[in-house]
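Here the structure comes first, spelled out in structure tokens, and everything after it is commentary.
Residue numbering restarts at 1 for every chain, and letters A, B, ... go by the order of the sequence lines. Since this is a predicted model, take the numbers as computed values, not measurements.
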Amino acid sequence: MTQSSTRNKSYWRATRKLTLRILLAWFAASFGAGLLLVDLLNWVSLGAYPLGFWFAQQGAILVFVLLVFVYARGMDVIDRDHQSDDR
Amino acid sequence: MDLTQLTYLWVGASFLLYLGVALWARATSAGEFYVAGGGVHPAANGMATAAEWMSAASFLSVAGLVASQGYGGSVFLMGWTGGFVLLAVMVAPYLRRFGKFTLPDFIGTRYQSPTARVVAVVCLLVASLVYVIGQMTGVGVAFSRFLGVQPETGIYIGMAVVFAYAALGGLRGITYTQIAQYMVLVFAFTVPAVLVSLKLTGHALPQVGLGSSLLGSDRPLLDVLDQVMVDLGFNAYTAPQPGSMLNTFLFTASLMLGTAGLPHVIVRFFTVPTVRDARATAAWALLFIAIPFSTVPAVGAMVRYQLHASVNTGVSVVAGPEMDLFDAQGHLPHDQKTTWMKEWEETGLLKFSDRNSDGLIQYYNDQSSDPEFLARVEVAGWKGNEMQVNPDMLVLANPEIARLPNWVVALVVAGGLAAALSTAAGLLLAISTAVSHDLLKGVLNSRASERSQLRAGRWAMAFALLIAGMLAVNPPGPAAMTVALAFSLAAATLFPPIVMGIFSRRVNSTGAVWGMFTGLILTLFYMFAHKGLFFIPGATFTGLLGGPQGFLGISPEAFGVVGAAANCAVAWGVSNLTAPPPFHIQNSVRGLRRPPGGGLE
């Protein structure tokens, strides 16, 4: 295998891993905590918020913002590690 | 100064601001026309994207729907923000790398097919048109209150204003103008939210206020609201409606997929300088969207609480869990309606009727099927709900209901107008581009002159506005629900070919075309069945689906995901039965997976 094709494979593998992790967290915060588990989580309180309700209306949004920045930062690192910065 | 004067003042001031910024930007040649980007910092571009995103539907309608549905309104909150995550990690950077400038361009090139391009344009036009209908509904509500007319008249006036605004074109497209718009929007939305939160809970930050106790007691706001609503036969505010899980799931998913497939936001990512900037812009855009969106739950819950309190003094935190909402002494008499009630009644968005002729207003859920509750209603002599509230009016009415000063009321109206005009104009521009650049130049006549393109674009805008306006007069529902339909359409038709085009080398033009058709026909069929053929009221045909609750009780807004699944299945199946895409295209797709500098730039 040529050096660039190893680099390509490694790049895509790293990208895929990051993407899948982000999507997992995305799903867990919204469909998971805010939907499928909402009745369960509502037994717990965050301040005076039922927790499930809080996730659906506030928490998920918070997680999403964190995720997009984590993704952007993470991809920057992957780009750098694979030797070129986009010009 | 009275309310109307103040409203004109705020609206006038904000428009002057946009004009000033636009002129400044033009003068320093920092402006652009049809497409944005070019050296603008991702944070600035993100803010402009957020301004584009914050439409009349999100500004006015979502909070209203959250107020009327409680937990159920979460679909909009999660759906429209979560979709951005999809956009950021699965779509935007790859589209930017592919190098095309519009969505149909991408489809046409990736699938090497003018047919695919045309089908994409058709899908885009259908989704955008439905989106504009939703926006015009919002415009109608905003103008209706602003000018004291029926929403119908508000729509006609709005149509004229929107067209003028869009045709001015250059103004709208300038990134810095949209940044100014964003600031106005957020200011107009946040000020009343903060003031109401202070008034009800003593906390300035609405996100904290929502999770605290009502002022003057230690009972949590959400607790009291839950109880009030249950006592009146509604579902509890913080709890999901029993049996709605599937629909809520699909609805949220449809909004998310649609977000990653709708053109007028995607197009912003085509022209950022680098792929890295595409990711950064998406991140900043979501941050700036999240700021107002995270105050929506508080606005919704607090206005709902105050709505109940305004017609029933029994809604008292002091009385605690023993508050009796059936006590007629607490009911507001019809002839003692407050000013805001009377003024809103004139718009037709708020309706009163004395069903049991007792002179008092009873606001409750007369659609309840709880036998215990119905028995109590029977005993109390209530004969039907006497106050009908169109959810779209709640955000505009919020400062009035809370008795905030006039300048706040006027500010919210100005913000609502700005949001409505801005997004409607943006959508019309997207429609205009699709017709002039993608359809006319891309397919029909590649030598079409700039002038004929511009002309085609303007005609398309006028036509779309006309149709949307006419249909908005009898809208399929509140603004945000109609917008949700548009997103469902985008989810079912555009999201699949985009994502499959990026991640699969095997999906070819025949597959994509058949997939898009499938998604479009299925979803339109389902929507028209529920909402009426071409959204004409009364022309529904749910009989063909086994009744309105047939097909697993999935609402038309939630159907997008089903359409998307069908689209993918058909596209995949047909692609595998026909020839693979040409080798150089497969290479392009592979190129999207290489490190920057090593692939397609």
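- Contact count versus chain B (heavy atoms, under 4.5 Å) is highest, among Val38(A), Val70(A), Leu66(A), Ile22(A), for Val38(A).
- For Phe288(B), no part lies near chain A; criterion is any non-hydrogen pair under 4.5 Å.
- In this structure, no portion of Leu62(A) lies under 4.5 Å from any heavy atom of chain B.
- For Ser4(A), no part lies near chain B; criterion is any non-hydrogen pair under 4.5 Å.
- Residue with the most contacts toward chain B among Ser30(A), Ser45(A), Ala60(A): Ser30(A) (heavy-atom pairs, distance under 4.5 Å).
- With respect to chain B, the highest number of heavy-atom pairs below 4.5 Å among Gly47(A), Ala29(A), Gly34(A) belongs to Gly34(A).
- Looking at Ser212(B), the atoms closer than 4.5 Å to chain A (heavy atoms on both sides) all sit in the backbone: N, CA, C or O.
- Highest contact tally toward chain A, considering only Leu210(B), Leu87(B), Thr252(B), Asp277(B), is held by Leu210(B) [criterion: heavy-atom pairs under 4.5 Å].
- For Trp80(B), no part sits under 4.5 Å from any heavy atom of chain A, backbone or side chain.
- With respect to the salt-bridge test (charged N to carboxylate O, under 4.0 angstrom), the residues Arg276(B) and Asp79(A) do not qualify.
- Distance alone, capped at 3.5 Å, is enough to place a donor-acceptor pair between the Ser254(B) side chain and the Gly560(B) backbone.
- A donor atom on one side chain and an acceptor atom on the other are found under 3.5 Å apart for Thr238(B) and Asp226(B).
- Comparing Gln207(B), Arg279(B), Met256(B) by how many heavy-atom pairs each has under 4.5 Å with chain A, the most go to Arg279(B).
- Heavy-atom distances place no part of Leu221(B) under 4.5 Å from chain A, backbone and side chain included.
- Here Tyr237(B) and Tyr71(B) keep their ring centres 6.0 angstrom or further from each other.
- For Arg593(B) and Tyr94(B), the positive end is not near the middle of the six-membered ring at less than 6.0 Å and at most 45° from its axis.
- Partners of Phe251(B) by ring pair (Phe, Tyr, Trp, His ring centres under 6.0 Å), not counting sequence neighbours, listed by chain and number: Phe76(B).
- Aromatic pair Phe487(B)/Trp53(B): centroids less than 6.0 angstrom apart.
- When each of Gly211(B), Pro93(B), Ala88(B), Gly79(B) is scored by its heavy-atom pairs under 4.5 Å with chain A, the top score falls to Gly211(B).
- Using a 4.5 Å cut-off between heavy atoms, Val66(B) touches chain A through its side chain atoms alone.
- Separating the CZ atom in Phe64(A) from the CZ atom in Phe84(B) is a distance of 12.5 Å, to the nearest 0.5 Å.
- Judged as a side-chain hydrogen bond (donor to acceptor under 3.5 Å, both in side chains), the pairs with a partner in residues 49-73 of chain A (not counting sequence neighbours) are, in order, Tyr49(A)-Gln58(A), Gln57(A)-Ser74(B).
- Atom CZ of Arg96(B) and atom CG of Leu592(B) lie 11.5 Å apart (nearest 0.5 Å).
- Of the atoms belonging to Ala253(B), heavy atoms from both backbone and side chain fall under 4.5 Å from chain A.
- If you tally non-hydrogen atom pairs under 4.5 Å between each of Ser294(B), Gly82(B), Ala290(B) and chain A, the highest count goes to Gly82(B).
- For chain A, the nearby parts of Leu286(B) are the backbone and the side chain; heavy atoms of each come within less than 4.5 Å.
- In this structure, the portion of Trp26(A) lying under 4.5 Å from any heavy atom of chain B is its side chain and not its backbone.
- When the shell of 6.0 Å around CZ of Arg21(A) is examined, it contains 12 or fewer heavy atoms from other residues, nucleotides or ligands.
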